[in-house]
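Ligands are counted one by one from 1 in listed order, and the atoms in each one are counted from 1 as well.
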Amino acid sequence: MKTLRLYPWVIAVLLSPAHSAVPLSSIDKNSIWGRYVPNEYIVEMTDVQSLGRRTRRSQLHQDVYKEMRKRGVNVEVKKEYDVPGILTGASMTLSTPGDVARMNEIPGVEAIRPVLMIPSPQPIDMVIVDDPNDPHLPDSLSTHIMTGVDKLHEEGLYGDGVKIGIIDTGVDYTHPVLGGAIGPGNKIIGGYDFVGDAYNGTNTPQPDNDPLDQCAGHGTHVAGIIGANPNNSYGIIGVANGASLAAYRVFGCTGSTSDEVIIDALLRGYKDGMDILTLSLGGVDGWTEGTSSVVASRIAQKGIVVTIAAGNDGAYGSWYTSGPGNGISVISVASVDNIVIPIQNVTVKGVDHNPIPYLEAIPFNVTGDLPIYATSTNTSITDDACSPLPSDTPDLSGYVVILHRGTCAFTQKLANAAAKGGKTFLIYNSDTGAWDSIAVGNYTAALISAEDGKFLVEQFAANASIALNFPQVGGQYNLPDAHGGLVSSFSSYGPTFDMYFKPAVAAPGGNILSTIPVPLGSYAVESGTSMATPFVAGAVALILQSRGKCTEVGLAVRDLLQTTASPVLSETIEGSLLQTATQQGAGLIQVNRAVHIRTIVTPAQLLLNDTANFHSYQTITITNTGSKKVRYKLEHVAAGTAATIRDASIFASLGPVPLTNATARVKISPKSLTVGPGESKTVSLSFTAPAADASSLPVFSGFINVVGTNETVHVTYLGAAASLKDQTVVDNTDSYFGVTLPIILDGAGNVQTNPTNYTLVGSDFPTAVFRMAFGSPALSFDLVDKDTTIANPVSRRGLLSFNRPFESVDKTVRTIGSLAEVAYVARNSDADDADDNGYNALSILGTFANNSQIPDGQYRVLMSALRVAGDPSDDGDYERWLSPIVGINAANP
Ligand SMILES: *[C@@H]1O[C@H](CO)[C@@H](O)[C@H](O)[C@H]1NC(C)=O
Ligand SMILES: *[C@@H]1O[C@H](CO)[C@@H](O)[C@H](O)[C@H]1NC(C)=O
Ligand SMILES: *[C@@H]1O[C@H](CO)[C@@H](O)[C@H](O)[C@H]1NC(C)=O
Ligand SMILES: *[C@@H]1O[C@H](CO)[C@@H](O)[C@H](O)[C@H]1NC(C)=O
Ligand SMILES: *[C@@H]1O[C@H](CO)[C@@H](O)[C@H](O)[C@H]1NC(C)=O
Ligand SMILES: *[C@@H]1O[C@H](CO)[C@@H](O)[C@H](O)[C@H]1NC(C)=O
Ligand SMILES: *[C@@H]1O[C@H](CO)[C@@H](O)[C@H](O)[C@H]1NC(C)=O
Ligand SMILES: *[C@@H]1O[C@H](CO)[C@@H](O)[C@H](O)[C@H]1NC(C)=O
Ligand SMILES: *[C@@H]1O[C@H](CO)[C@@H](O)[C@H](O)[C@H]1NC(C)=O
């Protein structure tokens, strides 16, 4: 039985490039690889306009069904779509996936897209706040000051008259700060529940008209960021608190949802006349071509502004942004940390020292004065506690255990200390580590500064009589965030494998106070690109209110936000490199400037592609919409170049992705010019990629500033200083499991090295285990004759087109049958489990992809993966792997 693997949304784990091998025994052989809902497809049909001989739209679906029946294709139509220019077609369950091939031949069938699962949105961390007088609350105005929203509020812009559709877990409209009611005339004007409380992504949705959510809570936090009425006891002020909101509920209380549900919600929001649609959700993707990404992008091309989270996977490095935020025309949103962090102090006893701030919004539930125990007295060791602690370690249950950040996951260190009884932990930062929420599982553990950590370790080493006390009241401290204003370390890195610019812009998303459902506590501080995304949606409402709600402005909004954004540094150190645009987008939004700017520059982003497809020559157009002529100067400011691949490896650098100062050269012509009021002029740019070590797959980016008399705007460029086609896509190393991949696991879970027969009874089936070091536009597994060799490859299998899967088996190829084919595959992460996308497992359970029985016989499994930007018809652009002989002896075991 197939079970789906889901991509969780919460990850802020620091992993080592050389983590110890994941045990093979941890592989869940029953996990099927992919985010795909088995046998479900969205079939797009050609619009009637482009099909000359068809006259009536309403006939289109019927005509296609008739053709299907004629061809014996058996489908169950689940839902029909008829939104011209966005989506015409139907979602359907096929009884045999092999039917897809036959459907491809039907005139009017434009594309057949798989349905993907989207995991439920989760904040990076969440702290429920219950005392309005708690001084630890973040200054809720701080995020508005960071982005100029406060100035627009002073001017009386609150987003009045703008409609924002929130596609999320629903909303608790009974919350007084959100108006207390739903329906016309209220803040929450309506919406729809597509799924019901019990929906978890695998069972049947139970839709109704009421999008109330009092169990999940995420959508209520999102709604408060956009729309919280001011004058509440917490001082929360929605960015666009004059806007009208609609809640489209696509998640139940727990679990995931599917593309199909998200598409329903997108189409509903479009038809309901929303001006803005905002989605704080997504799943690991890396490509622009996912089904919901494509639909969201088409809606954006109609002038509806669509804001979508970039993802919280910054720890996993580049090429890892989420869909549907990867949709080409949507606004994918990165997160910047708030300038203050609400935290707690621990009191130092026995020696004279200031209270030590620890990164936790509410105090540890630990009383009494506890002595400390440091797992290492050498503060320059970073892999501290990555291995089990020595046998002479005392029982740590009565101590506060002090650990150093670095090398392995926090939870690995904590588990090792907990194995010796440890219960309470403080992890001191590395000298360069971010002051950010860290993923500590359910351990009582928090981050302290490097300085305080070193002090404690020194005291421990000196045998000082020192103890720590965690005050239950009065320890609150509103710490100015040294990392505030920088990109949150959890914020996902692009670009996409097809070299699109993701994320687009950044907004405050780290340490945000907002509303949650009344039964869950009413208010909470949360972090995530989920929080940054509604901030941008609210900002867009202010722009639309000021510049006018119309298609033209809707289409220009992303450019306005990007050209006026404020690029942020990679570190707080003055003079440090600008953060790569692959993590910050065009910068932190400056909404006040986006509203008032008179200099319009297009395009806002210059996509230079990789060295093999380099778009060196670019033209930008400067339009002066002001009333006076302006002299503009152009200047180039490079951002740090991201070394996206680790040294001497085929794997992505983990976050924070290292930056270098190897920068592009740009010839600008003319370098200055005068543009009269109402006039437009063009400037030519010619880019040369930086000379950088191609083996690190450097992704360079930066800004061309257009400096006018009173205002400066910029366009952002992005390119790769290497050919993506040279990048190895299939993990062929032993770094992950300690055995060279790919492998076949036998029924006992051992690596198969010799020919082996399988009965397919019980657990006696083979499982292919593989990892993708980089994405692939086309990945397939076939059973081939046992005598096949790689030297005599099964050549020219041909491209699986995303639109036309299961079609392209070259007739000269002697594959016996296809086991799986997927287009636009994401890369894997460094996480040590399949749930976090660490690896993929594909079990062979007796049938081919088209559900037909695998006949008994002696085979090999052939894996073929097309390289990024590879030519589908060029054999040399595929990576292939051939398994040992796999015998199927099902009939005569
Ligand atoms: C979803 O809920 C159904 C019951 O309605 C249950 O059988 C199934 O296991 C659940 N799936 C997940 C992934 O939790
Ligand atoms: C909020 O309170 C201030 C000061 O008490 C008052 O001037 C303002 O009108 C109030 N705003 C709303 C929306 O009630
Ligand atoms: C918390 O610790 C910091 C740094 O030692 C100190 O400046 C601050 O006053 C302390 N606050 C409280 C409430 O203890
Ligand atoms: C704090 O810990 C005590 C004892 O371990 C426990 O009884 C209590 O419920 C905890 N309080 C909270 C708020 O978790
Ligand atoms: C949390 O604690 C429970 C036991 O109290 C344990 O079973 C579970 O695995 C822990 N989860 C994590 C993420 O550490
Ligand atoms: C970059 O080039 C590849 C290969 O031609 C192409 O598939 C991709 O769409 C290009 N990306 C952009 C942003 O132009
Ligand atoms: C660039 O970085 C290298 C080493 O990382 C350094 O030696 C060099 O001075 C830097 N160049 C500039 C212009 O900052
Ligand atoms: C620039 O600002 C100054 C002062 O506000 C103003 O007098 C001047 O007209 C502005 N120039 C342009 C070109 O808008
Ligand atoms: C597998 O089964 C085939 C056919 O029954 C037989 O010829 C072969 O020897 C078997 N191989 C092994 C390794 O048992």
Side-chain angles (χ1 to χ4, degrees), residues 1-9 28 30-32 34-38 40 115-120 122 169 195-207 215-216 250-258 261 283 432 569-571 573-578 580 636-643 647 653 656-665 690-693 696 698 700 702 721 744 746-748 750-761 764-766 783 785-787 816 834-835 844 846 854-861 883-893:
M1 184 56 208
K2 293 175 172 183
T3 53
L4 283 162
R5 193 189 69 219
L6 309 173
Y7 292 112
W9 187 241
D28 176 6
N30 291 316
S31 71
I32 169 94
R35 297 165 290 153
Y36 303 90
V37 182
E40 280 197 30
V115 173
L116 275 73
M117 299 300 294
I118 308 273
S120 78
Q122 302 276 333
T169 63
V195 292
D197 277 4
Y199 179 68
N200 62 15
T202 55
N203 49 7
T204 307
Q206 304 289 339
C215 55
V250 295
F251 290 96
C253 291
T254 60
S256 52
T257 191
S258 76
V261 174
T432 53
L569 296 175
S570 55
E571 298 173 60
I573 303 157
E574 213 179 313
S576 64
L577 292 168
L578 285 170
T580 165
H636 171 214
V637 180
T641 292
D647 267 358
S653 307
V657 172
L659 302 179
T660 73
N661 62 12
T663 53
R665 280 184 295 121
D693 175 12
S696 72
F700 62 94
I744 299 281
D746 65 17
N750 297 318
V751 179
Q752 186 195 324
T753 46
N754 297 314
T756 305
N757 286 326
Y758 294 89
T759 61
L760 306 185
V761 175
D764 190 26
F765 55 83
L783 279 191
D785 190 273
K786 74 171 184 351
D787 295 328
I816 289 157
D835 282 348
I844 301 167
I854 300 174
D856 277 7
Q858 301 290 305
Y859 311 102
R860 290 178 195 267
V861 176
S883 77
I885 292 175
V886 167
I888 302 294
N889 271 5
N892 306 299

Backbone of N754 reached by a side-chain donor or acceptor of T756 within 3.5 Å: yes
Any donor-acceptor pair under 3.5 Å linking the side chain of N889 with the backbone of T759? no
Partner set under side-chain hydrogen bond (donor to acceptor under 3.5 Å, both in side chains) for Q858, not counting sequence neighbours: N757
Would you find more than 12 non-hydrogen atoms of other residues, nucleotides or ligands less than 6.0 Å from D647 atom CG? no
In order of chain and number, which residues sit within 4.0 Å of ligand 9 by heavy atom? P755, N757, Q858, N889
Closest contact, heavy atoms only, A639 versus T663: O-CG2, 4.2 Å
P205 and Y199 have their tightest heavy-atom pair at CG-CE1, 3.7 Å
